[in-house]
Amino acid sequence: MFRTVVVELPGLLKKTPLRSAKNYATEAKFETKPFKLHNLTTGPPTSATVTKDEAISYYRSMQVIRRLETSAGNLYKEKIVRGFCHLYSGQEACAVGMKAAMRPQDNIISAYRVHGWTNLMGVSVKGVLSELTGKQGGCARGKGGSMHMYAPNFYGGNGIVGAQVPLGAGVALACQYKGNNGVCLALYGDGASNQGQVFEAYNMAHLWKLPCIFVCENNGYGMGTSAKRSSSNVNYYQRGDALPGIWVDGMDVVAVKLATDFAIDYVLNHGPVVMEVVTYRYSGHSMSDPGTSYRTRDEIQEVRQTRDPISSFKDKIINAGLVTADDLKKIDAEIKKEVDDATKAAKADTEIGLPELTTDIYSNNLDGDIRGANPNSWLKHGSLKHAVNL
């Protein structure tokens, strides 16, 4: 039914069965770049077997995030999204690989580049876009916007640089206290890596052996500043000192999945670990940053052509016989329609009314009405329970 040939594809084992469109491979084995280790004698395996269903799931999730971010950027340019807006385009393999390894009891907290994470954690594309546009169909009723999105086991979206890292250690402490066998992934960028609170969180987590994975998403640049200009040591996986560390190719979804699997098992048995996922962002730091004053357009284009996480994974799974190009075109069309429809729905959605502006201060208010700054104001605090847009 099929024959075996020798192929020369990075990330793909050399012997690969070629199959017809009607005779798919059910699984394929992929190789990753070697992991770099700090204070570890063994690390994650450098190969993994990926099933057809897993391959399609990874590809679809990455494409949804890419389309979602394209829509978010367009809405910002149309002045429908107000305030800050930070896009994740180019970094999709990081989030999708980590999420693929997470179990139901695991948690994640991050900074403000989280539209894709919000979707992965259960909020619909429409729920993300409505939140971006300040509409009531958003996951925080339009009150949070781009920087403050939440979902079950997802603690945001945080606007203060690096502040999510000690909060993540706190979530890990809660897991340890409750004994639920859960972990917390605390994500931050290379730009936030020099914050003092990051090292304070390392220290406390190591002393208490908290099940926390400190994830540095190193996309090469902070807000207009390259990593080498801001950090004396750009080997972020080594910067936990006593904490062990792992360096991961963040443009390879399979590598990120393998590293996260390893990290989850490690922190549950030994305490925290630092994981550096090396990736790249195509857009500027935020929508107000063109992203070309401190790097060249040629650099961005080269990454797109040689290291893009979606197109490289697409080539691997097609050549492995897990899917055909036509299969993926069909998936692409479905995703385009889903995001286009969600964009239209978000535009047509309405904002919350004024009486709701002072609700949701507490999930369960025990003190009755709480007046605002103006004692005569008709705005009163109340608890408005609403479902997250899943």
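In this chain, numbering begins with 1 at the start of the sequence shown. Computed from a prediction, not measured in an experiment: that's the story for all the values here.
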Kindly compute the distance separating CG (L37) from OH (Y237), expressed to the nearest 0.5 Å.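 These two atoms lie 8.0 Å from each other.
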Does N153 use its side chain to pair, donor to acceptor, with the backbone of D106 at less than 3.5 Å?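 Yes; at least one donor-acceptor contact below 3.5 Å.
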Does a salt bridge link [X] with [Y], judged by any charged N lying under 4.0 Å from a carboxylate O?
{"X": "D252", "Y": "K316", "answer": "yes"}
{"X": "K143", "Y": "E131", "answer": "no"}
{"X": "D308", "Y": "R66", "answer": "yes"}
{"X": "K344", "Y": "D340", "answer": "no"}
{"X": "K330", "Y": "D326", "answer": "no"}
{"X": "D349", "Y": "K126", "answer": "yes"}

Relative to the ring of Y112, is the ring of H285 parallel (under 30°), tilted (30 to 60°) or perpendicular (over 60°)?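 Perpendicular.
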Taking atom types as modelled and ignoring hydrogens, do the side chains of Q105 and N180 form a donor-acceptor contact shorter than 3.5 angstrom?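 Short answer, no.
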Strictly by modelled atom types, are N74 and S71 linked by a side-chain donor-acceptor pair under 3.5 Å?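 There is no such pair between these side chains.
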More than 12 heavy atoms of other residues, nucleotides or ligands under 6.0 Å from CD1 of I160: is that the case?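 12 or below, so no.
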Applying side-chain contact (heavy atoms from CB on, under 4.5 Å) to Y221 and R281, what does each step give before you reach the verdict? CA-CA 8 Å; Y221 299 92; R281 59 168 167 80; 3.5 Å; yes
Going hydrophobic residue to hydrophobic residue with side-chain gaps under 4.5 angstrom, can you get from [X] over to [Y]?
{"X": "Y188", "Y": "V256", "value": "no"}
{"X": "L328", "Y": "L322", "value": "yes"}
{"X": "Y266", "Y": "F214", "value": "no"}

